Trainee: 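To start, I am sharing the structure in question, which I have written as structure tokens.
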Protein chains: 2
Amino acid sequence: MISDPDQRRRLLESFAFLRAGSAEFQREFFEQVMRVRLPAGQAVCQAGAQCAHLPLVLDGTARVYQLGENGREVTLYRVHSGESCVLTASCLLSASPFPAFAVCESEVEAVVVQPASVRRWLGSCEPWREYLFGLIASRLVEVFGVLDAVLFQRLDQRLIEHLLRQAERTDSSEIQATHQILAAELGSSREVISRVLKGLEEQGLLRVRRGQVELLDQTALRRRARDD
Amino acid sequence: MISDPDQRRRLLESFAFLRAGSAEFQREFFEQVMRVRLPAGQAVCQAGAQCAHLPLVLDGTARVYQLGENGREVTLYRVHSGESCVLTASCLLSASPFPAFAVCESEVEAVVVQPASVRRWLGSCEPWREYLFGLIASRLVEVFGVLDAVLFQRLDQRLIEHLLRQAERTDSSEIQATHQILAAELGSSREVISRVLKGLEEQGLLRVRRGQVELLDQTALRRRARDD
DNA sequence: CGGCCAGCGTGACAAAGTCACCGACAGGGG
DNA sequence: CCCCTGTCGGTGACTTTGTCACGCTGGCCG
């Protein structure tokens, strides 16, 4: 139950489906939903677990990833503010076990919805339906993209692309990340990332320091990521 | 529009959501839906295309796969009788482009639903909602499984698993498939499949002939797939 | 100061993908 | 019958990627 008018305003701003919904839907939404705060590093879902709630993220990001038996990882996608985790949604609606892991990357502020409410609103609220299906579709596309990258693209290109994206996101040419973290991102292993980075450093495209990578020539890197 | 009583009976048998739906829903369904027959080998969807209809398969199977620029493929999942293609569904509901390819493996008999009907029934018919969400969830799980296999499992084990599944499906120890087809199934390349098969043949686990693989010692193969 | 440990480098090897090329086989037409 | 052609499979040489074992280093903390 959300009663604070400020919080209600915040939810309305963050979620278009809520603005688009009827007054009854909004009333019901505020009544049924619960606010939660999760610390950074908090595990949200374990593979094989049943999902008990659908979280809608207001602030912060969570990372959803696969884990191999040898300890290797791949990031599947991230849940940002205004979004929700489709995997959770579909597991919850079909009572299948969650086939991956999720963890909070930063402190996460969210509201959680009971499965029963998720179901009911699917029947009663068109914007809510659109919202969920939109999420599902975009996630599917993302996951397919990951699979495509893993199978059909060279690691150096993928690494460069990721570094460029990261630089753009933080608006800085210095990316704070250990080789281990980059490996987990791309589904590779630390040693390989080390080697590739070293190669790129020898070509003068970037500089490697403990815990960070500095991009030197972003245009050359972009070119390298495309054709090579 | 489906008017033939036999066909209607057949649809009712194939789709539980239809049996579970109200009389009005059934009437509307039979009225809105159209029967199609696609020959084996018919391409159903191209990457980047917009989906115009949601197909519900009555008979036959379709294969959904990713295609890399160098020509390599991976099978993502198959659509069997009684099922439908979630990718199509979600693309259609969210107007995103289809991120993969789909092709009929055998002759396929299906009914197609207009996007408008898909949407309307989501609002009006609970069993239809359950059906679609169930499909989405199971596909998601499958695709995640493929990604997991590609990243974290050895090719020989994956190949063996696939051959064993195939043998079980056709209830025969002889699998009809070229190395090329096996490679496309697993997201590998022909040469590698050839080499792996040769290795297994040298261990006396199977026999390779032109266009087919004969499994000799299924228990040993099963053991090999597990621990190795 | 010394120990500890996360982060990184490296060499040797194994697994997988790529490229080029060849031979073997099947089926059809002359 | 033979030859032609296209599909299928085998092979060697090489590259890329993953794995394993080990060792170095810089920073933190007792």
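As a basis for the values below, the full set of heavy atoms in this structure was taken, side chains included, without hydrogen atoms, waters or symmetry mates. Residue numbers start from 1 in every chain, and the chains themselves are labelled A, B, ... in the order their sequence lines are given, proteins ahead of strands. The model shown is predicted, which means the values in this text are computed figures rather than measured ones.
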Trainee: Test of understanding: with side-chain hydrogen bond (donor to acceptor under 3.5 Å, both in side chains), list the residues that count as partners of E142(A), not counting sequence neighbours.
Mentor: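 So E142(A) forms a side-chain hydrogen bond (donor to acceptor under 3.5 Å, both in side chains) with R139(A).
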Trainee: Using whole Å, what does the distance between atom P of nucleotide dG17(C) and atom CZ of R158(B) come to?
Mentor: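 About 8 Å, once rounded to whole Å.
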Trainee: Given atom CG of L155(B) and atom C1' of dG18(D), what is their separation to the nearest angstrom?
Mentor: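 My rounded result for the distance is 14 Å.
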Trainee: I need the CG-P distance between L200(B) and dA15(C), as an integer number of Å.
Mentor: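 That distance rounds to 13 Å.
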Trainee: Just to verify, what does R37(B) make a side chain to side chain contact (heavy atoms under 4.5 Å, CB included) with, not counting sequence neighbours?
Mentor: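 R35(B), E107(B), E109(B).
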Trainee: Please identify each residue that fulfils salt bridge (charged side-chain N to carboxylate O under 4.0 Å, His left out) with R9(B), with sequence neighbours left out.
Mentor: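 Partners of R9(B) by the salt bridge (charged side-chain N to carboxylate O under 4.0 Å, His left out) criterion, ordered by chain and then number, come out as D6(B).
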Trainee: Whole Å only: how far is the CG atom of N70(A) from the P atom of dT17(D)?
Mentor: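 Atom-to-atom, N70(A) to dT17(D), this comes out as 18 Å.
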Trainee: Within the 4.0 Å limit for protein heavy atoms, which parts of nucleotides 3-13 of chain D are touched? Write it as a string from 5' to 3', B for base, S for sugar-phosphate only, - for none.
Mentor: ----BBBBBBB
Trainee: Can you list the steps and then say if E201(B) with R207(B) is a side-chain contact (heavy atoms from CB on, under 4.5 Å)?
Mentor: CA-CA 6 Å; E201(B) 187 170 37; R207(B) 194 176 313 162; 3.8 Å; yes
Trainee: Rounded off to whole Å, could you give me the CZ-to-P distance for the R72(B) and dA16(C) pair?
Mentor: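 In whole Å, dA16(C) P lies 12 Å from R72(B) CZ.
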Trainee: What is the distance from CD of Q157(B) to P of dA14(C), rounded to the nearest Å?
Mentor: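 Roughly 18 Å, once rounded to whole Å.
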Trainee: Taking side-chain hydrogen bond (donor to acceptor under 3.5 Å, both in side chains) as the test, write out the residues that go with E185(A), two or more places apart.
Mentor: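 By the side-chain hydrogen bond (donor to acceptor under 3.5 Å, both in side chains) rule, E185(A) matches T75(A), R78(A).
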Trainee: For A137(A), enumerate each residue passing the side chain to side chain contact (heavy atoms under 4.5 Å, CB included) test, keeping only those at least two apart in sequence or located in another chain.
Mentor: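 Only S90(B), S94(B), S96(B) meet the side chain to side chain contact (heavy atoms under 4.5 Å, CB included) criterion with A137(A).
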Trainee: Whole angstrom is fine here: how far is it from CD1 in I193(A) over to P in dG9(C)?
Mentor: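 Taking CD1 of I193(A) and P of dG9(C), I get 12 Å after rounding.
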Trainee: So, is S189(B) near the phosphate of dA16(C), with a side-chain N or O under 4.0 Å from OP1 or OP2?
Mentor: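 No, outside the criterion.
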Trainee: Using residues 186-194 of chain A as the side-chain source, report each donor-acceptor pair under 3.5 Å to any protein atom, sequence neighbours left out, with the distance given to one decimal.
Mentor:
{"from": "S194(A)", "atom 1": "OG", "to": "H179(A)", "atom 2": "ND1", "distance (Å)": "2.8"}
{"from": "S194(A)", "atom 1": "OG", "to": "R190(A)", "atom 2": "O", "distance (Å)": "3.4"}

Trainee: If an axis is fit to five pairs at each end of the helix from dC1(C)-dG30(D) to dG30(C)-dC1(D), what is the angle between the two, to the nearest 10°?
Mentor: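 Taking five pairs per end, the axes differ by 10°.
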Trainee: Would E73(A) and R63(A) pass as an ion pair if we require N to O under 4.0 Å?
Mentor: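 Yes.
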Trainee: Within this structure, what is the CD-to-P distance between E73(A) and dG18(D), rounded to whole angstrom?
Mentor: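 In whole Å, dG18(D) P and E73(A) CD are 14 Å from each other.
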Trainee: Taking side chain to side chain contact (heavy atoms under 4.5 Å, CB included) as the test, write out the residues that go with A220(B), two or more places apart.
Mentor: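 Per chain and number, A220(B) pairs via side chain to side chain contact (heavy atoms under 4.5 Å, CB included) with L205(B), D217(B), R223(B).
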